[in-house]
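Numbering of ligands and ligand atoms starts at 1, following listing order. The figures that follow rest on heavy atoms only: side chains count, while hydrogens, waters and symmetry mates do not.
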Amino acid sequence: MAQLWGGRFTKETDQLVYRFNASISFDQKFYRQDIEGSMAHVKMLAKQGILTGEEGEQILSGLQSILHDVEDGTLPITEEYEDIHSFVEANLIGRIGDVGKKLHTGRSRNDQVALDMRLYTRDEVEETDRLLKELLKVLLRIMEENTATIMPGFTHLQKAQPITLAHHMGAYFEMFKRDRSRLRDIRARMNVCPLGAGALAGTTYPLDRDYTAELLGFDGPMQNSMDAVSDRDYLIEYLSAMSTIMMHLSRFSEEIIIWNTNEYQFVEIDDGYSTGSSIMPQKKNPDIAELVRGKTGRVYGALMSLLTTMKGIPLAYNKDMQEDKELVFDAIDTTKGCVALFTGMLDTLTFRKDRMSDSAKKGFTNATDAADYLVNHGVPFRDAHGIVGRLVLYCIDKGKALDALTLEEYRAESPVFGEDIYDAISMETCVNRRLTVGAPGQAAMEQVIADYRRYLTDEKKGCIF
Ligand code: ARG
């Protein structure tokens, strides 16, 4: 047991207490950020004359060697230390002697851990964004290939109106585009530096907080030292953004699961992304999509958990806050893993275009267009709705589609119908006459696709930080 704070104590911590309190098993994840933060702190201490130049150099090279050895595996991070901060400091003193004891001048673990977590999270926000961009590239490719692939659009999971596969995929493009813009907002808001806040009340040393903030790529120092050590808002925001990403992935997964059923057969999941059954030889299950859907609950759980942890914490730092780490780490790994796997599954998915267009043809998805035809010939919409409703009833009785009715059958309901009704209710017409912004018509879709292409290539719009 190696503790930084033994001086005031007269007996050893109980083993169980020690283990309950320790965080090294998980905070070792940000060893790199811890060392980088310390390096910036030391550079600032030397610049301010709080350490001599030589002391600064010695500490820096000691920290550099620790970083090097941890990365190449020669210095394993072991659980005999309470946390990653103690591990680094103890090793530093072990390597360079007493001068290493000066590293912690003007600093507390409270501002140190706040900094480490922020640095770690900032990288992860960027990585999450990068993965989402890969997903968007796959979506765009599918859209480009399918502006003429007709399928039924659904409301209430009932066939509603014909759309195209490009249009359907475009809805998800919008969702993940919003997710990226949320990440961008979070990245901008969280990019302030807690280092120099000390335990809660700043320090008496003449620290240059602007300088450390700049060295670490922040926009500036946090402006209240109590807030700096106890703010976890950015984690809650990130968990909320990840929950939304997972919600989107889960909806998409649900659709793929439905589309992959024997009844629909709209898609076929690649063998590499499906699994079999131990007993039923015919089975090919959509386990990846189901797992993504399932893991969504886990990320929501992390969000609820941290919100609940934070709600009763008085200012400033309290140990409860140590609970932020495992939750957030797990949510990040889960979300990133799901985005990456989902992208692979989508990229290898086969769309059964024949099944999709057959399905669109069979469900009276052109009934609205038949009514619009009558309206265009002077029939009030409410009457047109009634006429087509009766035609649909007739079709159901005869087991026919609307386009299979003879002109006589049409005219039996309304003399307004003419030969051109067949063209007016063909699936292609139904889709391609919908040309308002955001509608599935091919010409409207091409414009949106061109926008999406620009969005993915223009770095500023495309949200690469
Ligand atoms: N492991 C602690 C955490 O994650 C580090 C800060 C410790 N500070 C303290 N006063 N005990 O929050």
Side-chain angles (χ1 to χ4, degrees), residues 1-9 12-38 40-41 63 66 70 77-92 101 103-124 190 193-203 212 216 222 224-236 238-239 302 305-333:
M1 291 200 265
Q3 285 156 337
L4 297 170
W5 36 263
R8 189 215 177 284
F9 289 75
E12 283 269 308
T13 325
D14 178 88
Q15 260 301 327
L16 270 180
V17 172
Y18 181 79
R19 267 192 269 132
F20 187 66
N21 188 53
S23 53
I24 186 100
S25 63
F26 48 86
D27 64 17
Q28 57 180 277
K29 213 167 171 111
F30 48 55
Y31 71 87
R32 186 168 55 79
Q33 288 79 3
D34 191 76
I35 294 173
E36 282 167 3
S38 289
H41 182 62
L63 288 169
I66 293 172
V70 171
I77 301 174
T78 54
E79 306 226 341
E80 71 194 277
Y81 300 94
E82 180 187 341
D83 52 32
I84 189 65
H85 325 298
S86 322
F87 167 85
V88 173
E89 192 174 316
N91 273 280
L92 182 69
K101 295 180 181 167
L103 166 66
H104 211 51
T105 313
R107 191 176 67 170
S108 155
R109 276 186 300 169
N110 296 354
D111 60 342
Q112 190 178 359
V113 77
L115 172 69
D116 294 359
M117 194 64 181
R118 220 169 257 264
L119 287 171
Y120 181 87
T121 309
R122 192 173 66 182
D123 288 348
E124 293 296 332
M190 71 181 282
C193 187
L195 191 60
L200 77 161
T203 91
T212 36
L216 293 165
M222 292 179 80
N224 181 292
S225 58
M226 294 185 71
D227 179 53
V229 291
S230 66
D231 167 40
R232 300 294 181 270
D233 290 3
Y234 69 102
L235 296 177
I236 290 171
Y238 186 25
L239 286 171
S305 195
L306 188 56
L307 279 168
T308 312
T309 298
M310 292 304 294
K311 78 183 256 298
I313 303 186
L315 288 175
Y317 178 84
N318 292 260
K319 193 68 175 237
D320 320 37
M321 289 171 178
Q322 179 167 290
E323 284 296 305
D324 62 358
K325 294 176 194 63
E326 285 165 290
L327 294 171
V328 171
F329 293 156
D330 183 69
I332 292 173
D333 293 344

- Message: For Y120, does the six-membered ring have the charged nitrogen or CZ of K29 within the cation-pi criterion, i.e. under 6.0 angstrom from the centroid and within 45° of the normal?
- Response: no
- Query: Is atom NZ of K319 surrounded by more than 12 heavy atoms (other residues, nucleotides or ligands) closer than 6.0 Å?
  - Reply: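 Correct, the count exceeds 12.
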- Task: Return yes or no for this condition: an N or O of K325 is under 3.5 Å from an N or O of ligand 1.
- Result: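 The answer is yes, given that K325 and ligand 1 share an N or O pair closer than 3.5 Å.
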- Message: Checking the N or O distance criterion of under 3.5 Å, is ligand 1 in contact with N110?
- Response: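 Such a contact does occur with ligand 1.
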- Message: Which of the numbered atoms in ligand 1 are under 4.0 angstrom from any heavy atom belonging to S23?
- Response: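 This gives 1 (N) as the contact atoms.
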- Message: Could you tell me, atom by atom, which parts of ligand 1 come under 4.0 Å of a heavy atom of Q322?
- Response: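 Per the distance check, 1 (N), 2 (C), 3 (C), 4 (O), 12 (O).
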- What is the closest protein heavy atom to atom 7 (C) of ligand 1, and at what distance does it sit? Y317 OH, 3.7 Å
- 4.5 Å side-chain heavy-atom contact, E89 and L92: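 No. Closest side-chain heavy atoms not under 4.5 Å.
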- Message: With heavy-atom distances below 4.5 Å as the criterion, would you say the side chains of R118 and C193 are in contact?
- Response: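 Heavy-atom side-chain distance check fails, nothing below 4.5 Å.
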- Message: What I want to find out is whether R32 reaches D123 closely enough, with some N-O distance under 4.0 Å, to be called a salt bridge.
- Response: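 Here R32 pairs with D123 in a salt bridge, since their nearest N and O are under 4.0 Å apart.
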